[in-house]
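Contents: one structure, followed by commentary.
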Number of protein chains: 2
Amino acid sequence: MADSPESPDQLILAALDLFGRHGFDGASTRAIARAAGRPMSAITYHFGGKEELYVAVAGYISRRIGAQMAEAIETAEAAREEDSPAKARAQIRRIFSTLVTMFVQKESAAWARFIVREQMEPTRAFDALYNGPMGPMLQHITQMLCRAASHRIGPDEARLRVIAMFGQALVFRVSRAVVLRSNGWDEIGPAETEHIRRVVLAQVDAILDSLAAKDEA
Amino acid sequence: MADSPESPDQLILAALDLFGRHGFDGASTRAIARAAGRPMSAITYHFGGKEELYVAVAGYISRRIGAQMAEAIETAEAAREEDSPAKARAQIRRIFSTLVTMFVQKESAAWARFIVREQMEPTRAFDALYNGPMGPMLQHITQMLCRAASHRIGPDEARLRVIAMFGQALVFRVSRAVVLRSNGWDEIGPAETEHIRRVVLAQVDAILDSLAAKDEA
DNA sequence: GTCTATAGTCGGATAGAC
DNA sequence: GTCTATCCGACTATAGAC
């Protein structure tokens, strides 16, 4: 017992995987407990019930992604006052490169599925995800896009543009089955990941170019 | 009874809605039957069981989307041999405009959710969706992108680019909760739909421009 | 063909031993 | 604190009346 990870954490990791794969109803507490090597009653004891476990998973994801995104945000914060389109553009590219990595890599599959489910049919857990990593990041990229476009576009238009650009990375998680089948891939390995990253960044560049050109007019 | 729609169709429509919202496990046959105004045993009688009903829903969606996309595909087929970048570009814009409409409108919510779920964790029903409307449409747009780029890019790169562009429209369905909250919208009405369409098409244009420019170099 | 009644299974929650 | 044993409700599927 002394060398085993804490019981609640084991349960959260197992729950993250199974909720993501099968949804709230599809993942039984019995299956989650078995995957964590614990009796089902441990869920009741540590969290109170299935629903509370679900919310706890959302909180866990928020903290994890928040940490993973912190550096990208922080370095950007340092240059916040500096209103340089070129720097803003570099930041945007860097964030999208990170996003592609996160969405494509296998380890992200579990929590990516969890988040996508939660967005389609939001429950109480959505607040934790939105107020945690998603809302601030979206707002941050939106600000940078305004700067990259030399404030030629306002925040309302920039926000929609960022969401659309975000979709270019997200689709490789959500529509992964189509990506694999249409390309005849068995899995998305390092080579395929780089191919995807190159395409997404090229199109982000194209969009940023068009906004810069607009500015010169 | 004489004026009521056919019983199987009612069940499929109810199942489409509930499977989309709650997933396969979350939607009970009882709830589906009640929504259709039928006894649960009608599902057994007409389809054999819950799983078969699920597959039937996938088939229904395939046929519906196939019909909805048929005109866009057909007009494009007519100009198939004509290798004009300008025409290909117009076709691509038209298809993406249609996609935005489909993804944003409320009526599409049910089957869009169904498809997204099926892509994240494919079951037998995925084949019907991929071989029906999705695969052919993807291949079609890919061909047109090659033409729009004057064959400057090959089909492999074009396919990834089309998927990424597709994501720009898809995200407004998948991340609808974030779109609403970040913009402070209550719903996505006609004005908001047009705003989204304008942004997506502008970014599609930017991407197409960059490929055309590449060609001139 | 359509519905009612019922059987059999599995899920989440809880009581209580240790 | 942790696990075992058990309860109760909800689910799918089926049998059989009409």
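By convention in this document, chain letters (A, B, ...) are assigned in the order of the sequence lines, proteins followed by strands, and residues within each chain are numbered from 1.
Closest to the B:Arg38 side chain, of the nucleotides D:dA13, C:dA13, C:dT2, is C:dT2. Of the candidate nucleotides D:dT2, C:dG1, D:dA13, D:dA13 has the atom lying nearest to any side-chain atom of B:Lys50.
The distance from atom OH of A:Tyr45 to atom C1' of C:dG16 is 15 Å, rounded to the nearest whole Å. Following rounding to the nearest Å, A:His46 (NE2) and C:dA13 (P) show an atom-to-atom distance of 15 Å. The nearest whole Å value for the distance from the CZ atom in A:Phe24 to the P atom in C:dG11 is 14 Å. Taking atom NE2 on B:His22 and atom C1' on D:dC11, their separation rounds to 15 Å, with Å as the unit. Atom P of nucleotide C:dG1 and atom CD of B:Gln10 are separated by 17 Å, given to the nearest angstrom. Atom CZ in A:Phe47 sits roughly 18 Å away from atom C1' in C:dT14 (whole-Å rounding). Between the CZ atom of B:Arg34 and the P atom of C:dC3 there is a distance of 15 Å, given to the nearest Å. Distance A:Asp25 CG to D:dC11 C1': 12 Å, rounded to the nearest Å.
The existence of a salt bridge linking A:Arg161 and A:Glu157 is confirmed by a sub-4.0 Å separation between a basic side-chain nitrogen and an acidic carboxylate oxygen. Ion pairing of A:Arg124 with A:Asp127 is absent here, as no side-chain N (NZ or NE/NH1/NH2) approaches a carboxylate O to less than 4.0 Å.
Within 6.0 Å of CD in B:Gln105 there are more than 12 heavy atoms belonging to other residues, nucleotides or ligands. Taking a 6.0 Å sphere around CZ of A:Arg64, one finds it holds 12 or fewer heavy atoms contributed by other residues, nucleotides or ligands.
When every heavy atom of A:Phe47 is checked against every heavy atom of A:Pro8, the shortest pair comes out as CZ-O, 3.8 Å.
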(request) Mark up nucleotides 4-10 of chain D, 5' to 3', with B wherever a protein heavy atom is under 4.0 angstrom from a base atom, S wherever such an atom reaches only the sugar-phosphate, and - elsewhere. (result) B------
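Using a 4.0 Å heavy-atom cutoff across all strands shown, B:Thr29 reaches sugar-phosphate atoms only and no base atom.
Not less than 6.0 angstrom separates the ring centroid of B:Phe103 from the ring centroid of B:Phe96. Between A:Phe114 and A:Phe24, the gap from one ring centroid to the other reaches at least 6.0 Å.
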